[in-house]
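All chains are named by letter (A, B, ...) in the order of the sequence lines, taking the proteins before the strands, and each is independently numbered beginning at 1. Just so you know, these numbers come straight off a predicted model, no measurement behind them.
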There are 2 protein chains.
Amino acid sequence: MARLNKSDFRDSILELVKSTEAHPTARWVYDNLREEYPSVAIGTVYRNLNILVSEGLIKSIQFDDSTDHFDANTGKHYHFICERCGAIRDLQIPFDPSLEHLVEKHTEYKIHNHRLDFYGLCEQCKRT
Amino acid sequence: MARLNKSDFRDSILELVKSTEAHPTARWVYDNLREEYPSVAIGTVYRNLNILVSEGLIKSIQFDDSTDHFDANTGKHYHFICERCGAIRDLQIPFDPSLEHLVEKHTEYKIHNHRLDFYGLCEQCKRT
DNA sequence: GTTCATGCAAATCGTTTGCACAATG
DNA sequence: CATTGTGCAAACGATTTGCATGAAC
């Protein structure tokens, strides 16, 4: 079996993650990658995803489904999760650092970051 | 071995979770419960924790460590997570429903809830 | 021939579940 | 005797890891 060129392979994974805003899981990447690389092993997908994370090219995010999700949008932003269909969407409302100042005013903590997730129904699901 | 009275056992778990604000894991509950009930199985702890969750007496929360945490504070509140020691603390800053209105103004989503976590260093860890 | 990423399978970790049994009523 | 919660161990799903192999240089 021909060895896969290192950068080709990892680049394909990066392209895949970049191609969607659906915050895919390793399994989704694996399933899609198999169309191009039928012999790929899921362990290899995990390894390369973790390398991309450690290189800062993608981010790993955990939601409430005990499955890692990956996001090529590495900037600070908030998320919406549909409680019915499970869709995870980026939100365009501005990241608000003043929330961190508020916490620092009320506590002794040094705040570096925060995360804000909204739960509800997406356009489709709220109609049914 | 004498059968454990249903409410005694489950109540002990509830008491344990109520006794701390540290957002304990099932394993922590298990380890502490064994002092009083040395023969308890961890599966039983999980079963009872899940029953307490479904009864609305405690909440299950996932953070970034792929382990379920339980919280007897069932009211809406925000969390702080220390990036160094892993401590999870409740925050006293008010829950702000206007954040949900902001999202509804900018999107087509129907928002039911939100979650806000702050990351940084706790009083102890920020000194070292 | 050394390096390095792969496929594969086994291992690991947290959690859930099937089952036989003992206690309750 | 029907019900219910338990201990135990097996099962499970997501992720990681050890190892032999084959490609690249």
* A/Ser39 side chain, from C-beta outward: closest of D/dC8, C/dG14, C/dG7 ->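 The answer is C/dG7.
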* Asked: So which nucleotide from D/dT16, D/dT6, C/dG7 ends up closest to the side chain of A/Ala41?
  ->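 My answer, after comparing the listed nucleotides, is C/dG7.
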* **Parallel, tilted or perpendicular: rings of B/Tyr78 and B/His114 (30°, 60°)** =>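 Ring orientation of B/His114 relative to B/Tyr78: tilted.
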* To do: Could you say whether B/Gly43 or B/Arg27 is positioned toward the 5' end of DNA chain C, judged by the nucleotide with the nearest heavy atom to each?
  =>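 Its nucleotide being nearer the 5' end, the pick is B/Arg27.
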* Nearest-nucleotide wise, let me know which of B/Arg47 and B/Thr67 is further upstream toward the 5' end of DNA chain C. =>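 The residue whose closest nucleotide sits nearer the 5' end is B/Thr67.
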Could you tell me the separation between the [atom1] atom of [X] and the [atom2] atom of [N], rounded to a whole number of Å?
{"X": "A/Asp68", "N": "D/dG13", "atom1": "CG", "atom2": "C1'", "value": "12 Å"}
{"X": "A/Asp65", "N": "C/dT16", "atom1": "CG", "atom2": "P", "value": "14 Å"}
{"X": "A/Ile61", "N": "D/dA14", "atom1": "CD1", "atom2": "C1'", "value": "17 Å"}
{"X": "B/Trp28", "N": "C/dT15", "atom1": "CH2", "atom2": "C1'", "value": "19 Å"}
{"X": "A/Asp11", "N": "C/dA5", "atom1": "CG", "atom2": "P", "value": "13 Å"}
{"X": "A/Phe63", "N": "D/dA14", "atom1": "CZ", "atom2": "P", "value": "17 Å"}
{"X": "B/Ile42", "N": "D/dC12", "atom1": "CD1", "atom2": "P", "value": "20 Å"}
{"X": "B/His69", "N": "C/dG14", "atom1": "NE2", "atom2": "P", "value": "11 Å"}

* NZ/NE/NH1/NH2 to OD/OE distance under 4.0 Å, A/Arg89 and A/Glu21 ->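 Result for this pair is no, no salt bridge flagged.
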So, is [X] close to the [N] phosphate, meaning a side-chain N or O under 4.0 Å from OP1 or OP2?
{"X": "A/Thr44", "N": "C/dG7", "value": "yes"}
{"X": "B/Tyr46", "N": "C/dT15", "value": "yes"}
{"X": "A/Asn48", "N": "C/dA5", "value": "no"}
{"X": "A/Asn50", "N": "D/dT15", "value": "no"}

* To do: State whether the number of non-hydrogen atoms from other residues, nucleotides or ligands found under 6.0 Å of A/Lys76 atom NZ is greater than 12.
  =>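 For A/Lys76, atom NZ is crowded (more than 12 foreign heavy atoms under 6.0 Å).
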* To do: Take B/Phe118 and A/Tyr109, measure what ring-ring contact (aromatic ring centres under 6.0 Å, His included) needs, and give me the verdict at the end.
  => CA-CA 10 Å; B/Phe118 293 87; A/Tyr109 308 144; 9.6 Å; no
* Have a look at B/Ser66 and say if it touches a base, only the backbone sugar-phosphate, or nothing, with a 4.0 Å heavy-atom cut-off. =>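 Sugar-phosphate only.
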* **Test side chain to side chain contact (heavy atoms under 4.5 Å, CB included) applied to B/Ile58 and B/Asn73, B/Asn50, B/Leu14, the passing residue** =>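 Answer to the side chain to side chain contact (heavy atoms under 4.5 Å, CB included) test with B/Ile58 among B/Asn73, B/Asn50, B/Leu14: B/Leu14.
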